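Following: one structure in structure tokens, then a few remarks.
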Number of protein chains: 2
Amino acid sequence: MGTTDAEWGGIWEVLGCKWTFHILRFLSTRPAQFNQIKNAIEGLPASTLSTRLKSLREENLVSRSVADSTPPTVTYALTEKGEELAEIIARIEELERRYE
Amino acid sequence: MGTTDAEWGGIWEVLGCKWTFHILRFLSTRPAQFNQIKNAIEGLPASTLSTRLKSLREENLVSRSVADSTPPTVTYALTEKGEELAEIIARIEELERRYE
DNA sequence: CCGTATCCCCTAGGATACTG
DNA sequence: CAGTATCCTAGGGGATACGG
């Protein structure tokens with residue numbers, strides 16, 4: 001109890017977290033590897049990225065795939081649901097710009 | 001420092017807070033008084049509503065008006081910006097419903 | 001009726017260091 | 001390269017109580 005009130009959860013839980021919208025926005029431009037995301041977003045700690053990606057995957061917003069190359073390459077990408085959310089997020093940013 | 005990284009703030013700061021989207025959704029149906037909001041949203045403490053309304057007003061998402069009736073009536077309503085945000089929020093809820 | 005003040009606990013998340 | 005583990009502290013937010 002406490003965090004899991006009715007209707008608080010799902011997307012909202014992760015959307016409210018710091019760095020989430022940066023990560024989604026970056027991944028909306030292209031799939032990327034862990035350190036590519038980390039280096040692209042200034043100030044984002046690896047530990048936070050790690051937990052955030054986990055949450056995003058649990059919400060089916062981000063997918064993780066491992067290519068069996070040498071060395072194996074891990075790639076994160078938006079799912080279809082994630083793409084749609086990213087578009088909505090872009091509208092919020094546009095809204096903020098318009099009223100600033 | 002800490003909370004005020006570049007581009008973290010504004011709408012995102014308050015949007016991530018618990019109860020925010022409940023409040024916005026309720027106000028999107030009609031303007032309301034403090035206790036009407038409080039009573040409509042189960043579990044929402046008055047102290048939290050108080051601070052949340054303050055943040056929402058600072059972001060120009062919610063307006064507060066006092067009618068000089070007897071007794072004076074205080075009414076909260078969405079601003080135009082707030083209405084637009086509420087619409088976007090509705091799209092997120094619709095997105096979640098579609099993929100659940 | 002309309003809030004704000006205070007206390008207190010609990011978790012998010014930053015720093016750092018370390019592993020496969 | 002791709003993470004996880006640990007530690008620490010700042011602040012969110014619930015309970016309660018009180019003022020206008």
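Remember, it's a predicted structure, so these values are computed and weren't measured experimentally.
Remark: the separation of the C1' atoms in C/dC1 and D/dC18 is 15 Å, to the nearest Å.
A salt bridge is absent between B/E96 and A/K81; no separation between the charged side-chain nitrogens and carboxylate oxygens falls under 4.0 Å. At a threshold of 4.0 Å, the pair A/R98-A/E94 counts as salt-bridged, since one of the basic side-chain nitrogens sits closer than that to a carboxylate oxygen.
Rounded to an integer number of Å, the gap from A/L44 CG to C/dA15 C1' is 13 Å. In this structure, the CD atom of A/E13 is 15 Å from the C1' atom of C/dG13, given to the nearest Å. A/L53 has its CG atom 8 Å from the P atom of D/dG3, to the nearest Å. As a whole-Å value, the separation of B/I23 CD1 from C/dG3 P is 13 Å. If you take NZ of A/K38 and P of C/dA15, they are 10 Å apart, rounded to a whole angstrom. If you take CH2 of B/W19 and P of D/dG14, they are 6 Å apart, rounded to a whole angstrom. Regarding A/I41, its CD1 atom lies at a distance of 14 Å from the P atom of C/dG13, rounded to whole Å. Atom CZ in B/F34 sits roughly 17 Å away from atom P in D/dG19 (whole-Å rounding).
Among the atoms of the strands shown, only primed sugar atoms or phosphate atoms (P, OP1, OP2) are found under 4.0 Å from some heavy atom of A/P45.
Residue A/S47 places none of its side-chain N or O atoms closer than 4.0 Å to OP1 or OP2 of C/dG13. At C/dG14, one or more side-chain N or O atoms of A/K18 fall inside 4.0 Å of OP1 or OP2 (strictly under the cut-off). Distances shorter than 4.0 Å separate some side-chain N or O of B/R64 from OP1 or OP2 on C/dG3. The phosphate of C/dC1 has neither OP1 nor OP2 within less than 4.0 Å of any side-chain N or O from B/Q33.
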After noting the C-alpha distance and the side-chain angles of B/F34 and B/L49, does the key distance pass the side-chain contact (heavy atoms from CB on, under 4.5 Å) rule? CA-CA 8 Å; B/F34 189 92; B/L49 177 56; 3.7 Å; yes
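To the nearest 0.5 Å, the span separating CD1 on A/I89 from CZ on A/R91 amounts to 11.5 Å.
No hydrogens or angles considered: a donor-acceptor pair under 3.5 Å links the side chains of A/Y99 and B/E84.
Closest approach to the B/N35 side chain among C/dG13, C/dC1, D/dG13 is made by C/dC1 (side chain taken as heavy atoms from C-beta onward). With C/dG14, D/dA2, C/dG3 as the candidates, the nucleotide lying closest to the side chain of B/Y76 is C/dG3.
Sequence order on DNA chain D of the closest nucleotides to B/A46 and B/G16 puts B/G16 first from the 5' end.
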